[in-house]
Every structure is written in structure tokens, then in C-alpha cells.
Amino acid sequence: MTATLIDGKAISASIREQIQSEVERLIGQGVRPGLAVVLVGEDPGSKVYVGSKERSCKELGIYSEVHRLPASASQEELLALVDRLNRQDNIHGILVQLPLPGHMNEKAVIDAIAVEKDVDGFHPINVGNLMIGDDSLLPCTPAGVIEMIKRTGVDIAGKHAVVIGRSNIVGKPVSMLLQRENATVTMCHSKTANMRELTRQADILVVAIGRAKFVDRSYVKPGAVVIDVGMNRLENGKLAGDVDFEDVKEISGPITPVPGGVGPMTIVMLMQNTLIAAKRAHGIE
Ligand code: GUN
């Protein structure tokens with residue numbers, strides 16, 4: 001049996017349509033949502049990401065500004081730019097593309113972004129609000145993962161969800177969000193003993209460990225929902241997830257491919273966060 005594909009392109013396209021009509025509604029009320037993206041240096045991957053964020057904004061009618069600083073820029077220059085964007089009324093979301101050059105302090109930069117404009121959901125106050133279940137801007141990839149699971153029609157409540165990976169950007173926030181949806185959550189990581197014993201109990205398995213094709217069918221309970229957050233560049237130049245898709249799809253339930261799975265969801269959730277931030281800034285429901 002071959003599993004159902006969770007099609008990130010199709011899901012993100014349908015969310016995009018909703019966002020676009022919401023943006024039109026806001027514009028009708030005199031508010032155009034605005035996103036500022038800051039790129040420091042010349043990292044090729046970062047340039048590609050920033051380009052696609054800019055394009056997405058344009059397609060959806062969101063105002064966007066891209067600020068490019070040279071890799072030699074000082075921390076003070078970057079903080080001064082963030083401070084200016086914090087005070088700019090036409091900007092509702094600020095994203096500083098990571099990684100930053102080695103001489104910069106990423107934490108100090110994230111901490112400097114206004115909490116209500118932190119569309120990455122990386123600011124410690126947004127992280128804390130996520131933890132205690134208060135309203136916050138949710139980190140984009142984890143929010144996309146939850147949306148994809150919901151759209152499989154599987155009810156998360158009461159399920160055993162196992163997350164492989166404990167990063168601040170994916171593993172930890174995904175675990176918190178799954179728990180918020182009333183899953184029983186187990187977090188695994190590189191030091192976990194007997195990982196298979198745990199993952200084979202998972203009704204929902206989220207993999208964000210950063211190792212190409214790490215998860216084969218021996219890790220997976222038949223019928224489980226499998227979400228692959230991995231993006232690994234192979235020696236042949238191809239992109240591979242953390243899950244051995246061809247192997248696992250023979251026994252799993254709904255499963256995400258790479259590419260075309262979680263990837264397209266991340267940008268669309270960023271657009272959604274920008275829309276949410278703009279609505280909150282102007283008291284629009
Ligand atoms: N670099 C890679 N992914 C991300 C992301 O989600 N946000 C930011 N700011 N930088 C990144």
C-alpha cells in the first residue's frame with residue numbers, strides 16, 4: 001500500500017488565497033500589511049529565501065522592504081536599522097534573516113525586534129507566550145507543520161506525537177504546539193536511547209533532526225502521519241528530507257514529500273503572521 005501524500009504546495013496555495021482576500025479587505029480599510037526583511041551579507045541560501053519572501057509579498061499585495069547590509073556591517077548598524085523599523089508605522093512584521101555573520105550577536109538582534117512585529121516568533125517573549133499558551137506570533141515552520149497535520153483530517157487530541165529534534169526553531173515549538181492541541185508528546189534527539197522503541201509508538205511523527213534519510217520504515221508505526229521538516233543537500237545536488245520517503249511511504253499513513261512538503265508552508269505562515277500583526281496593530285478583527 002502506498003500512503004497518501006500531504007501536498008504542501010496545494011495546501012499553501014489554498015492558504016495563500018485566503019490571505020490574499022484578507023489583505024484586500026485590510027487595504028479596503030486603509031491598511032496595507034507591511035513586512036521588512038533584513039539580509040546581512042551574501043549567504044547564497046539566505047539570498048534565495050529572501051527573494052522568495054519578497055516575491056510572495058508582491059503576489060499577495062503585502063508591502064515589502066528588503067534591507068541589504070554588507071557582511072562587514074557592525075552590530076550597531078544592524079540594531080539601529082531594527083530600531084528604525086520598530087518605529088516605522090507601515091511595517092508590521094520584521095524578519096532578520098539568519099544566520100548572521102560571525103561577529104554579530106544573533107540573540108541581541110532578535111531581542112531588539114519589537115515583540116508585536118516579530119513575525120518569526122523567535123523573540124523570547126513570543127517563545128514564552130507560546131509556552132504558557134497565551135496569544136503570540138507563532139514560529140512559521142512549526143505553525144505550518146500543525147496546519148498540515150490538521151488538514152490530513154487526523155484529530156491530534158489524544159494521539160501520541162513523537163518529535164525527533166529539539167531545536168529552538170522547530171523541535172521545541174512543534175512539541176509545544178502539539179501539546180496545545182492535546183497530543184501526548186515525546187521529544188527525541190541525538191542522545192535518545194532506543195529511539196525506535198519510542199518512534200514506533202507514534203501516531204504522529206515529526207522529524208527535524210537534520211540528517212538526510214535518517215528515518216526509514218523501521219522507525220515508523222504502520223499508518224502513522226509522518227511530517228518531514230528536513231532539508232538536506234545531497235552530494236548530487238538534490239534535496240533530501242530527514243525521512244527516507246520511498247521506503248516509509250510503503251507503510252505510513254499521510255506523509256510529506258521533500259521538496260513540496262513543509263517547505264512551501266513556511267513562507268505562507270510568514271505571510272499569515274504579517275497579516276495577523278497588521279490586524280493587531282490596527283485593532284482589526
Ligand atoms: N534562516 C533559515 N530559516 C529562517 C527563518 O525561518 N527565519 C529567519 N529569520 N532566518 C532563517
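Bear in mind the structure is a predicted one, so any value in this text is a computation, not a measurement. Counting starts at 1 for both ligands and their atoms, following the listed order.
For the side-chain hydrogen bond (donor to acceptor under 3.5 Å, both in side chains) with H92, the lone residue among H282, R32, E116 that qualifies is H282.
Ligand 1 is surrounded by L95, V96, Q97, L98, D120, F122, each with at least one heavy atom closer than 4.0 Å.
Between the K249 side chain and the A3 main chain, no donor and acceptor come within less than 3.5 Å of each other.
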K150 vs E147, test: salt bridge (Lys or Arg N to Asp or Glu O under 4.0 Å). Steps then yes/no. CA-CA 5 Å; K150 286 186 173 169; E147 187 66 33; 5.7 Å; no
Go through it in stages, so that I can follow the logic: the residues are V31 and K279, the test is side-chain contact (heavy atoms from CB on, under 4.5 Å), and I'd like the CA-CA distance, side-chain angles, deciding distance and then a yes or no. CA-CA 9 Å; V31 177; K279 284 185 185 172; over 6 Å; no
side-chain contact (heavy atoms from CB on, under 4.5 Å) assessment of F245 paired with T256: CA-CA 8 Å; F245 178 82; T256 61; over 6 Å; no
Could you please spell out the steps behind the side-chain contact (heavy atoms from CB on, under 4.5 Å) verdict for S64 and V37? CA-CA 8 Å; S64 75; V37 178; over 6 Å; no
